[in-house]
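Notes for the one structure printed next.
Just the heavy atoms: all of them, side chains too, but no hydrogens, waters or symmetry mates, feed the values below.
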Amino acid sequence: MEIERKFTVKALPENLDSYPFHLIEQAYLNTDPVLRIRRQDDEYYLTYKGKGLMTREEYNLPLNQSSYEHLLPKADGICISKKRYLIPWDPYTIELDVFEKSLAPLIIAEVEFPSIEEANAFTPPDWFDQDVTKDPAYHNSNLILK
């Protein structure tokens with residue numbers, strides 16, 4: 001089960017380049033239910049995501065590079081490219097997605113939680129802006145249609 005909140009960002013945090021990051025490319029084979037393929041650095045995944053906004057089922061299965069490349073042309077919409085920074089925010093990690101190509105200059109911050117109670121009690125840092133957790137327009141599976 002994935003429990004996460006999403007936020008737009010007012011300003012990038014200082015020293016952004018000092019944080020570890022992943023280079024991500026992802027595409028969607030289906031959006032209802034969500035079937036996603038992803039390249040994260042040198043790893044490849046097929047992901048199923050159930051319905052929901054803050055809480056939903058998520059299953060990741062490993063893929064190899066040739067399977068990913070075989071599935072990529074079958075994807076709907078655009079292929080998303082982003083740089084994901086991992087920013088500690090005790091006891092959580094902020095995943096700051098800086099989108100590239102046609103989705104630039106979009107920046108979304110996501111925080112995953114172990115429980116719904118912790119998600120609801122979360123106080124975001126000052127550099128976060130709007131809580132867009134319940135806005136489906138900010139799901140990556142909808143961003144591919146832009």
Side-chain angles (χ1 to χ4, degrees), residues 1-13 15-89 92-116 118-120 122 124-146:
M1 188 65 69
E2 175 186 61
I3 303 168
E4 75 176 7
R5 289 181 59 192
K6 292 183 178 213
F7 300 84
T8 57
V9 173
K10 284 187 247 184
L12 294 174
N15 304 319
L16 184 60
D17 289 330
S18 68
Y19 296 107
F21 63 87
H22 296 292
L23 297 176
I24 295 174
E25 177 183 86
Q26 63 190 39
Y28 290 79
L29 303 174
N30 201 50
T31 58
D32 189 17
V34 171
L35 288 175
R36 176 187 74 200
I37 55 172
R38 173 183 277 179
R39 176 183 55 83
Q40 180 171 297
D41 303 323
D42 294 324
E43 297 180 346
Y44 301 87
Y45 302 94
L46 171 69
T47 302
Y48 165 85
K49 289 189 176 210
K51 292 190 180 292
L53 296 173
M54 185 169 75
T55 305
R56 60 186 177 163
E57 290 179 282
E58 179 178 285
Y59 302 97
N60 287 308
L61 301 169
L63 282 179
N64 58 35
Q65 182 177 355
S66 63
S67 295
Y68 175 83
E69 290 171 355
H70 173 75
L71 292 169
L72 191 56
K74 297 168 179 24
D76 296 330
I78 64 169
C79 183
I80 293 175
S81 295
K82 58 189 175 181
K83 191 172 191 178
R84 172 170 284 173
Y85 293 92
L86 305 175
I87 303 169
W89 191 259
Y92 311 109
T93 299
I94 296 169
E95 295 177 340
L96 184 68
D97 288 344
V98 179
F99 289 83
E100 300 171 344
K101 298 182 182 177
S102 64
L103 291 175
L106 180 63
I107 301 170
I108 299 291
E110 299 179 355
V111 183
E112 290 194 21
F113 302 92
S115 71
I116 293 171
E118 285 188 51
N120 288 330
F122 177 69
D126 292 341
W127 51 275
F128 280 21
D129 197 14
Q130 292 181 293
D131 184 341
V132 293
T133 303
K134 296 182 179 176
D135 186 344
Y138 287 91
H139 278 223
N140 287 304
S141 59
N142 288 323
L143 292 175
I144 64 164
L145 306 174
K146 302 261 184 214

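- The shortest heavy-atom contact between Thr31 and Tyr28 is CG2-CB, 4.5 Å.
- Partners of Tyr68 according to the ring-ring contact (aromatic ring centres under 6.0 Å, His included) rule, which considers only residues two or more places apart in sequence or in another chain, are Tyr44.
- For Gly52 against His139, the heavy-atom pair with the smallest separation is O-CE1, 3.4 Å.
- Contact check for Glu4 versus Met54: no side-chain heavy atoms found under the 4.5 Å cut-off.
- Within 6.0 Å of NZ in Lys51 there are 12 or fewer heavy atoms belonging to other residues, nucleotides or ligands.
- Asn30 places no side-chain N or O within donor-acceptor distance of the main-chain N or O of Leu35, the cut-off being under 3.5 Å.
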task = Could you walk me through whether Asn60 and Arg38 pass the side chain to side chain contact (heavy atoms under 4.5 Å, CB included) test, one step at a time?
result = CA-CA 10 Å; Asn60 287 308; Arg38 173 183 277 179; over 6 Å; no
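- Side chains of Ile94 and Tyr19 form no contact here, defined as non-hydrogen atoms less than 4.5 Å apart.
- Annotation: ring-ring contact (aromatic ring centres under 6.0 Å, His included) contacts of Phe7 (sequence neighbours excluded): Phe128.
- With hydrogens and angles ignored, the 3.5 Å screen pairs no side-chain donor or acceptor of Arg56 with any backbone N or O of Lys49.
- Checked for salt-bridge contact, Asp126 and Lys10 miss the test: no charged N lies under 4.0 Å from a carboxylate O.
- Residue Phe122 places its CZ atom among more than 12 non-hydrogen atoms of other residues, nucleotides or ligands, all under 6.0 Å distant.
- The shortest non-hydrogen separation linking Asp41 to His22 is OD2-ND1, 2.5 Å.
- When all heavy atoms are compared, the tightest approach of Asn142 to Pro136 is ND2-O, 2.6 Å.
- Across Ile78 and Ser102, no two heavy atoms sit closer than the pair CD1-OG, 3.4 Å.
- Two residues are said to be in side-chain contact when any heavy atoms from C-beta on lie closer than 4.5 Å; Arg84 and Leu86 meet this criterion.
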Please output the side-chain donor-acceptor pairs of residues 107-115 that fall under 3.5 Å, not counting sequence neighbours, one pair per line with the distance.
{"residue": "Glu110", "atom": "OE2", "partner": "Lys6", "partner atom": "NZ", "Å": "3.2"}
{"residue": "Ser115", "atom": "OG", "partner": "Glu118", "partner atom": "N", "Å": "3.1"}

task = With side chain to side chain contact (heavy atoms under 4.5 Å, CB included) as the test, would you mind laying out the steps for Arg36 and Ser141 before giving the verdict?
result = CA-CA 8 Å; Arg36 176 187 74 200; Ser141 59; over 6 Å; no
key: Audit row: Val9, Asp129, side chain to side chain contact (heavy atoms under 4.5 Å, CB included) steps and yes/no   = CA-CA 5 Å; Val9 173; Asp129 197 14; 5.8 Å; no
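- Scanning all heavy atoms of the two residues, the minimum distance from Leu143 to Ile80 falls at CB-CD1, 4.3 Å.
- No more than 12 heavy atoms of other residues, nucleotides or ligands shown are found within 6.0 angstrom of CG on Asp42.
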inquiry  = Could you walk me through whether Thr133 and Tyr138 satisfy the side chain to side chain contact (heavy atoms under 4.5 Å, CB included) test, starting with their C-alpha distance in whole Å, then the side-chain angles of each, then the deciding distance to 0.1 Å, before giving a yes or no?
reply    = CA-CA 8 Å; Thr133 303; Tyr138 287 91; over 6 Å; no
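- Looking at Asn140 and Val34, their side chains never come closer than 4.5 Å, going by heavy atoms from C-beta outward.
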